[in-house]
Amino acid sequence: MAGNTEDQTFFPTAAVTGSGRPVLLPNEVECQLLSAVDLEFEERSPPGIADLSPALKSGLLILTTHRLLWLPANSLNSSATAIPLSSVVHIFSPKKSIKSMFHSPRIRIQVSMHSRSMVVTLVVRGKGDLDGFLGKLFESWRGKAWEADTCVTGSVSGSSMGSGSSSGRGGIYSSDGTVKMAGLTGILRKEQENWESTDKSLQDAFRDLNALMSKAKEMVMLADKMRQKLLSSSNAQSSEGNDDETGSREEIQDMLLSVGIISPVTKESAGALYHQQLARQLADFVRIPLERAGGMISLIDIYCLFNRARGTELISPEDLQRACSLWEKFDVPVMLRKFDSGVMVIQSKAHSDEEVFARIRTLVTRPDALRTGISASDAAIALGIAPAMAKEHLLSAEIKGLLCRDISPDGFRFYANIFSEFDANSLYLVKDHSIYSAWVQAVSLRAI
Amino acid sequence: MQKLGDFKLPQFFNYTPYFTLQPVRDTREKQLQLWKELILDYCKTQKIYTIGLEENFPLFSNPVIERSLNNEARETFLSALVSEGRAEWLDKGHKKCLILWHRIQDWAEIILQFVKDYGLEDGVMTIEDIRLGIESRGTELHGVDRTILNRALKILESKGKAAIFKGTSTDDEGVKFSV
């Protein structure tokens, strides 16, 4: 058992979101997923005993540009194991032998961390595109995306990411052998290079769709950079009060802000796990728009927001609906709700109808609303939600007995339900301090 | 306070949802109850015995708030009275409704009381006399609907307290009390 705990401390743990999606590093992009994967550890040094420690069984393996993440099958409230690709020393080519035909396919990699070396075996028990995975693994490993990160952060903030790989590349020579820039010329040259590379990324991005896909991450980064620039310049110039310019700047900011999800779950990367992973990602995504909309948002709105945030790899309405209906199986803080009329909304589990009803109650007991009632659009404006949703709320409040309806040639309006305050045994009785008496007063004002 | 002739209307008569048939069960129950009471109250004070669904029954519309009951609502409210024995449909098409602010057996009791008060225990009267004669003037029986009177007398007959005999025309149908 001691070996097991050691293994888990040997590798860093990775944080998991509330809905069971891994928290990715900045600029980290998911590449592929494999389900039902075991991790087995086999220590190489000291060479004495080849200790096959208890394995991590049947979890979800996620390959990203930076790490290999292993999530336990019931991943909620537990953390994931992460193997940084930067510490992978060697990936063994799979042996083709008779024996391997009867085994579950396995991938062996050698990892070196904290001056210790270990061989990790990934045993793939589930179905999956193993060759494709291996290809992607090599690709990510050789892509060295983590090095690009340390360069970027190094030049922007001057602090290193704390990743061990960058420490070895100090001095006046950079990794590709060219002389690093120093002094004022260096800064100017650097600026020039930055412009050129920006220009190049733009050109590359628009060459064809495939290139666009591979450039997506850079485009998001570029957008982020532009946003930062705009933000700082608008702060500097706000005193001048050029309304037109700030207006258009805000517009661009809004546009850029909505370029959002850096690592969208795609059918290609997730395969059979697509809807499941999409559901988790969606659960993470809807949190903020839900908060802004007051705890409930229509499926159509989320469809637009979500696809806009994805930018590429758009999902279909069916996929969205399937992903939402999978939420029941996970312990996520949001749920899909279908109203009697067929309107579907996403609502947070913390959201209570009571709160909405309380707001409707105050809305309809105002003197003018007592007299003329409210329409769905009145409620929509007052509650700050879409008319279709407002109508659903009003109808559920009606079923609750809070409201009643008036249908006339003028339209369909809702009134505070004061039927219960009318006394069938004493038709002329109006109790003091009741909504009924308030209503009588409100109506009598009209007569004057 | 709003009035309909000399009938005082309750405040809620100006509540617009009162004129829309409410779909929610509890609310509708209450609405039904209020309409039943109001219809009986109004018919009793105004001595109205029948309501025609397609006629302009004054209670079914409120010009002040420009609302009136639609046919479905009218039939629903009257049917509710019928199911309680406080009204009866006079035709299969549910177009005309007999309102019984007194139930038939209550009308029978009223006739008996009338007979006792006027010492007609062994007397003979035509049915028209009961409705329109001098004796009944000032009592509830004056001007009572013919159908209601016949039904009440039949009850008395079945109890052996009256015998109806036919004349040459409906006008001289008579009744002999034996209380």
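Proximity to chain A (any heavy atom under 4.5 Å) is shown, for N70(B), by neither the backbone nor the side chain. For a residue to count as touching a neighbouring chain, one of its non-hydrogen atoms must lie under 4.5 Å from one of that chain's; by this rule F414(A) does not touch chain B.
Under the side chain to side chain donor-acceptor pair (under 3.5 Å) criterion, E291(A) pairs with no residue at all, not counting sequence neighbours.
I300(A) CD1: 12 or fewer foreign heavy atoms inside a 6.0 Å radius. When the shell of 6.0 Å around NZ of K338(A) is examined, it contains 12 or fewer heavy atoms from other residues, nucleotides or ligands. Counted within 6.0 Å of CD on E84(B), heavy atoms from surrounding residues, nucleotides or ligands total more than 12; the atom is thus considered enclosed. For CD of Q321(A), the number of neighbouring non-hydrogen atoms (other residues, nucleotides, ligands) closer than 6.0 Å is 12 at most. Around the NZ atom of K176(B), the shell of radius 6.0 Å holds more than 12 heavy atoms that belong to other residues, nucleotides or ligands. The number of heavy-atom neighbours closer than 6.0 Å to NZ of K400(A), taken from other residues, nucleotides and ligands shown, is 12 or below. More than 12 heavy-atom neighbours from other residues, nucleotides or ligands sit within 6.0 angstrom of CZ on R131(B). At most 12 non-hydrogen atoms from other residues, nucleotides or ligands lie less than 6.0 angstrom from CG of N56(B).
Residues of residues 100-114 of chain B lying under 4.5 angstrom from chain A, judged on non-hydrogen atoms, do not exist here. Annotation: residues 15-33 of chain B contacts chain A through Y15(B), T16(B), P17(B), Y18(B), T20(B), Q22(B), P23(B), V24(B), T27(B), K30(B), Q31(B), Q33(B) [non-hydrogen atoms, separation under 4.5 Å].
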Distance-only donor-acceptor hits, side chain of residues 88-95 of chain B, under 3.5 Å, sequence neighbours excluded:
from	atom 1	to	atom 2	distance (Å)
E88(B)	OE1	R151(B)	NH1	2.6
E88(B)	OE1	R151(B)	NH2	3.2
E88(B)	OE2	R151(B)	NH2	2.9
D91(B)	OD1	H94(B)	N	3.4
D91(B)	OD1	K95(B)	N	3.0
D91(B)	OD1	K96(B)	N	3.2
D91(B)	OD2	K95(B)	N	3.2
H94(B)	ND1	E75(B)	OE2	3.2

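Chain B forms the most heavy-atom pairs under 4.5 Å with one residue out of D406(A), V440(A), D423(A), and that residue is D406(A). Taking chain B as the reference chain and counting heavy-atom pairs below 4.5 Å, the highest number among L429(A), D410(A), I418(A) is found for I418(A).
When side chains are defined from C-beta on, R67(B) counts as touching S408(A), because their heavy atoms get closer than 4.5 Å.
The ring-ring contact (aromatic ring centres under 6.0 Å, His included) with F12(B) is formed by just one residue from the set Y428(A), W439(A), F422(A); it is F422(A).
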